[in-house]
There are 2 protein chains.
Amino acid sequence: MVTETTGTWGWAVGGAGPTREQELAWVERVAGFFARQNGLPPIPGRALGWLMICDPPEQSAAELAAAIGASRASLTTALQVLLAGGFVEPHHRAGERTTYYRLADDPWTDVTRRRMAALTSFLAVTEEGLDLVGADSARAERIRQVHELFGWLDSEVGPMWRRWDARRAGRDG
Amino acid sequence: MVTETTGTWGWAVGGAGPTREQELAWVERVAGFFARQNGLPPIPGRALGWLMICDPPEQSAAELAAAIGASRASLTTALQVLLAGGFVEPHHRAGERTTYYRLADDPWTDVTRRRMAALTSFLAVTEEGLDLVGADSARAERIRQVHELFGWLDSEVGPMWRRWDARRAGRDG
DNA sequence: CAGTAGTTTCAGTCACCACTGTAACGCGCC
DNA sequence: GGCGCGTTACAGTGGTGACTGAAACTACTG
């Protein structure tokens with residue numbers, strides 16, 4: 001019963017795939033990253049990480065719960081978060097009542113875009129700050145430093161994403 | 001006693017400067033931004049915001065505490081955080097034992113650089129993920145999507161910051 | 001229409017963290 | 001060399017938020 005230990009992963013039969021332990025360690029790193037970057041709670045982060053490497057790529061809430069060792073109730077909340085963030089998509093199979101979840105087509109570009117937009121949103125704050133103290137006052141100098149940086153940053157990211165879009169369009173378009 | 005209400009701000013005498021309330025509202029917006037972006041606690045964020053607009057630009061811990069309405073003990077912790085992050089610098093005056101704090105010369109570039117470096121650090125995770133599942137396996141496709149995006153992002157930010165450095169060198173160098 | 005699998009909701013629990021007040025410590029002035 | 005201002009360390013507190021278990025709800029099957 002060798003296949004017993006590897007469970008549902010067809011590819012692992014007789015192969016040298018990663019152990020469940022290695023997979024969960026990696027999942028944890030993914031969760032850690034999204035916790036720091038996007039403020040994602042641990043369980044949504046783990047579910048996301050798991051959906052990046054699981055086989056099959058579509059899994060039910062119960063399967064996800066078992067995989068990452070969380071309660072099904074937690075998975076409900078986690079999946080709501082991931083659905084709202086555009087990370088995962090629900091999928092239904094004919095004749096089954098179970099909802100399967102899978103990674104969205106390409107959530108990463110949008111998510112990263114939003115992330116950088118949030119970064120440059122400080123521009124609005126510095127702008128208001130300059131108005132507040134008076135743009136020509138001595139106090140404005142401190143604000144102007146940040147304001148210039150973020151203004152420049154804002155002017156860079158637009159063209160940058162256009163380059164990405166072009167690159168992607170050229171590859172699969 | 002008109003100057004009484006405006007306190008220590010010399011520029012405000014007879015002028016139409018911002019009210020303390022307006023200033024604190026702006027400080028709160030700054031704190032909110034750094035809370036979301038850098039995970040800064042409220043008080044360090046407020047101290048940082050206040051140091052961006054206060055007059056004089058150098059203030060003691062006690063002055064900062066009074067300005068943002070926090071305890072002096074909290075300011076100790078907050079200033080440690082801000083010092084460690086490179087946001088503020090201590091300053092000593094001859095014949096005085098008080099330490100005055102002021103905004104660092106230009107903390108923003110470094111902070112933002114680190115922020116973006118943290119973003120692209122996901123590259124190491126995806127790299128390891130590809131190794132884990134095998135780069136040529138079917139499962140790798142999901143990881144490769146992110147990997148390509150972050151690889152590209154990483155290749156963009158280097159030149160981007162070089163442009164910023166050049167721009168800055170050209171302006172004040 | 002009863003039974004069942006799956007999902008969602010909700011109240012409760014637990015841990016964590018920021019913040020405060022107090023007490024100790026260090027260091028320049030008289 | 002004592003005194004006082006300023007800073008630091010620490011225990012206590014309040015609040016927030018993630019997570020769980022159990023109950024309620026929905027939809028499908030026989």
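Note that these values count all heavy atoms, side chains included, but never hydrogens, waters or copies made by symmetry.
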Acceptor/donor pairs from residues 130-138 of chain B side chains to any protein atom, 3.5 angstrom cut, sequence neighbours excluded:
residue, atom, partner, partner atom, Å
B:Ser137, OG, B:Val133, O, 3.0
B:Ser137, OG, B:Gly134, O, 3.0
B:Ser137, OG, B:Arg139, N, 3.4
B:Ser137, OG, B:Ala140, N, 3.4

Next item on the list: Begin from the C-alpha positions of A:Leu24 and A:Arg46 and carry the test side-chain contact (heavy atoms from CB on, under 4.5 Å) through to its verdict.
Entry: CA-CA 8 Å; A:Leu24 288 178; A:Arg46 287 185 196 128; over 6 Å; no
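- When atom types are taken as modelled, the side chain of B:Trp26 and the backbone of A:Val125 share a donor-acceptor pair closer than 3.5 angstrom.
- Of the residues in residues 69-88 of chain A, A:Ala73, A:Thr76, A:Gln80 come within less than 4.0 Å of DNA chain C through at least one heavy atom, sorted by number.
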Side-chain donor-acceptor contacts of residues 82-89 of chain A below 3.5 Å, not counting sequence neighbours, with atom names and distances?
none

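- Looking at A:Gln145, its side chain never comes within 3.5 Å of a backbone N or O of A:Arg142 through a donor-acceptor pair.
- Atom pair A:Leu64:CG and C:dG6:P shows a separation of 14 Å (rounding to whole Å applied).
- One N or O on the side chain of B:Thr112 and one on the backbone of B:Trp108 form a donor-acceptor pair closer than 3.5 Å.
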N/O to N/O distances under 3.5 Å, protein versus nucleotides 2-5 of chain D:
residue, atom, partner, partner atom, Å
D:dG4, N2, B:Arg97, NH1, 3.2

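- Within residues 30-42 of chain A, the residues having any heavy atom closer than 4.0 Å to DNA chain D are, in order of number, A:Pro41, A:Pro42.
- With rounding to whole Å, A:Tyr101 atom OH is found 8 Å from C:dT7 atom C1'.
- The distance from atom CD1 of B:Ile43 to atom C1' of C:dG21 is 13 Å, rounded to the nearest whole Å.
- Aromatic pair A:Trp152/B:Trp161: ring centres closer than 6.0 Å.
- Distance, A:His92 NE2 to C:dA5 P: 20 Å, rounded to whole Å.
- Residue A:Glu96 places its CD atom among more than 12 non-hydrogen atoms of other residues, nucleotides or ligands, all under 6.0 Å distant.
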Solution key, residues 32-43 of chain A side-chain donor-acceptor pairs under 3.5 Å, sequence neighbours excluded:
none

Next item on the list: Please test B:Arg113 against B:Asp165 for salt bridge (Lys or Arg N to Asp or Glu O under 4.0 Å), starting from the C-alpha separation and ending with a verdict.
Entry: CA-CA 12 Å; B:Arg113 257 199 183 107; B:Asp165 290 338; 2.8 Å; yes
Note to self: Apply side-chain contact (heavy atoms from CB on, under 4.5 Å) to residues A:Asp106 and B:Val146 and explain how you reach the verdict.
What the structure shows: CA-CA 8 Å; A:Asp106 183 14; B:Val146 214; over 6 Å; no
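- One atom, OH of B:Tyr100, and another, C1' of D:dT7, lie 14 Å apart when rounded to the nearest Å.
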